[in-house]
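The structure appears below as structure tokens.
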Number of protein chains: 2
Amino acid sequence: MPRPSRWPELLHAAGQEFREHGYEQATLEGIAARLGILKGSIYNYVSSKEELLLAVVEQPARALLDELESLRADTESGVAVRLRELVRMQIRIFSEYYPAAFVYLQHLGHLEASPQFAEFKQMDARYMAAVEALVAEGAANGEFSLAAEPRVVARAIVGMIDWMQHWFTPHGEEEDLRLADQLFALALGGLAAGGSMRAMLGALPDPLTRIEVETRR
Amino acid sequence: MPRPSRWPELLHAAGQEFREHGYEQATLEGIAARLGILKGSIYNYVSSKEELLLAVVEQPARALLDELESLRADTESGVAVRLRELVRMQIRIFSEYYPAAFVYLQHLGHLEASPQFAEFKQMDARYMAAVEALVAEGAANGEFSLAAEPRVVARAIVGMIDWMQHWFTPHGEEEDLRLADQLFALALGGLAAGGSMRAMLGALPDPLTRIEVETRR
DNA sequence: TCGGTTGCCAAACATTGGTTTGCCAACGGG
DNA sequence: CCCGTTGGCAAACCAATGTTTGGCAACCGA
């Protein structure tokens, strides 16, 4: 029988297991079982469990920063448009790298704590700073009219999105986009967005097509 | 030397330790060390580590539901006012039961997974349902004009608040209230809340007094 | 065909950390 | 004053699980 490198499989299996049980609870045995191998064999690919977590989480994290960079390059669009793109992007990446991105969000704490991941802490800080700058820019040029400090606004928006892991499971691109635009509309116009503000929001997604929601929060 | 029951101390120590290291990483030894006793001695108070987590988390969880109940009893105030109270309440409880409430939010997943905590899962579901109902009521009576489904709106608001654990550490009642009202203003009016919507928001908190923010997100 | 490399098995290892047990000192009500 | 209760110590127990080691079979390029 053929013997291709099963590294992608391993990554996938680890992602699944980490998502279902969390990093601590997940066992190398469980991960290995998904490939039909023994736990010891995993050490042909990585030299520790934590390194496996790193590998899983690296892809979505890097994708996030990469796209953020290209978003920064966009100096033509208005701030609101760029913010919408940011929201869309984050949800798209969440879906695209699904189990991995979920794990990333879920273990931000662990990642930032471990000295192994100083790099991630930095990546995260840069991401947060970018969002904050975007908000501040909008406030400065008059597109936004903030009722709260930019730092707080930025964190609230990011939180709204990041908490999504608890109640949303990706089902497809169309739904992802719909959800992203709903969240963006909410961020932009709040609970009153349907009224007088509707005009400046542009075409809003159809609220009649229900978005799937998990029980957990 | 006197021998008072050190149960409160234990609860406090456990809360601290769970917050700093997370439930899995925290060790009974570490908790015991805070009291100057041995880990085995903890079993005079609880019969398992998980029971200790339960005990820590029970207070804030129950407080949350209790206050939610009294909020439901309020049928006089408008929906917006009740929603503001809800936001204030959640942040107040977060601060009041600080280490414990933090642990509660951080381990929602673990709690809901463990069969031990079926009760909590139910509590959480009821809480979420209440928020959703509030949003829907506001949409129905015209106070709100939603740009997204009530389920999504409710979850976004709750997420915005719950994610707070990652960047906010309580420093005092005044600041708590200020933060709560900023978040509420954001939920109600979004990024444009300072403009045309300012009137209907009433007295907004002074955005000049900076709110302390942690580095993490 | 041959030598090295790869991927895995099989089993043992080590250590952490939750849990159990038996005992003892101090306290406090009757 | 005495006995039951409480809270803690000391040490052992034990299970889970991350990690190591040595070997072997399949594959591959030369």
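Each chain gets a letter, A, B and so on, in the order the sequences are listed, and its residues count up from 1. Since the structure is predicted, the reported quantities are computational estimates derived from the model, not experimental observations.
- Using a 3.5 Å distance cut-off with no hydrogens or angles, the side chains of A:Q106 and A:Q165 do not pair a donor with an acceptor.
- A:R34 and A:E9 are not joined by a salt bridge, as no carboxylate oxygen comes within less than 4.0 angstrom of a charged side-chain nitrogen.
- OP1 or OP2 of D:dG8 has at least one side-chain nitrogen or oxygen of B:R6 nearer than 4.0 Å.
- Remark: A:K49 qualifies as a cation-pi partner of A:Y23 under the 6.0 Å distance and 45° angle criteria applied to the six-membered ring.
- When rounded to the nearest whole Å, the span between OH of B:Y43 and P of C:dG18 equals 7 Å.
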- Test log, rule salt bridge (charged side-chain N to carboxylate O under 4.0 Å, His left out), inputs A:E132 and A:R155: CA-CA 8 Å; A:E132 203 177 315; A:R155 281 169 177 80; 3.3 Å; yes
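- The shortest distance between the side-chain N/O atoms of B:Y45 and the OP1/OP2 oxygens of D:dG8 is below 4.0 Å.
- Using modelled atom types and a 3.5 Å distance limit, the side chains of A:N44 and A:S41 yield no donor-acceptor pair.
- Salt-bridge formation is detected for the pair A:R92/A:E67: a Lys NZ or Arg NE/NH1/NH2 atom is positioned less than 4.0 Å from an Asp or Glu carboxylate oxygen.
- A donor atom on one side chain and an acceptor atom on the other are found under 3.5 Å apart for A:Y127 and A:Q90.
- Straight-line distance from the NZ atom of B:K49 to the C1' atom of C:dT20: 18 Å, rounded to whole Å.
- Looking at residues 15-29 of chain A, you'll see A:A26, A:T27, A:L28 sit with a heavy atom under 4.0 Å from some atom of DNA chain D.
- At a threshold of 4.0 Å, the pair A:E85-A:R88 counts as salt-bridged, since one of the basic side-chain nitrogens sits closer than that to a carboxylate oxygen.
- In this structure, B:I42 atom CD1 and C:dT20 atom P are separated by 13 Å, rounded to whole Å.
- Per the geometry, CD belonging to B:E50 stands 14 Å off C1' belonging to C:dT19, to the nearest Å.
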N/O contacts under 3.5 Å, protein versus nucleotides 9-11 of chain C?
unit_1	atom_1	unit_2	atom_2	d
C:dC9	OP1	A:G36	O	3.3
C:dC9	OP2	A:L38	N	2.7
C:dC9	OP2	A:S41	OG	3.0

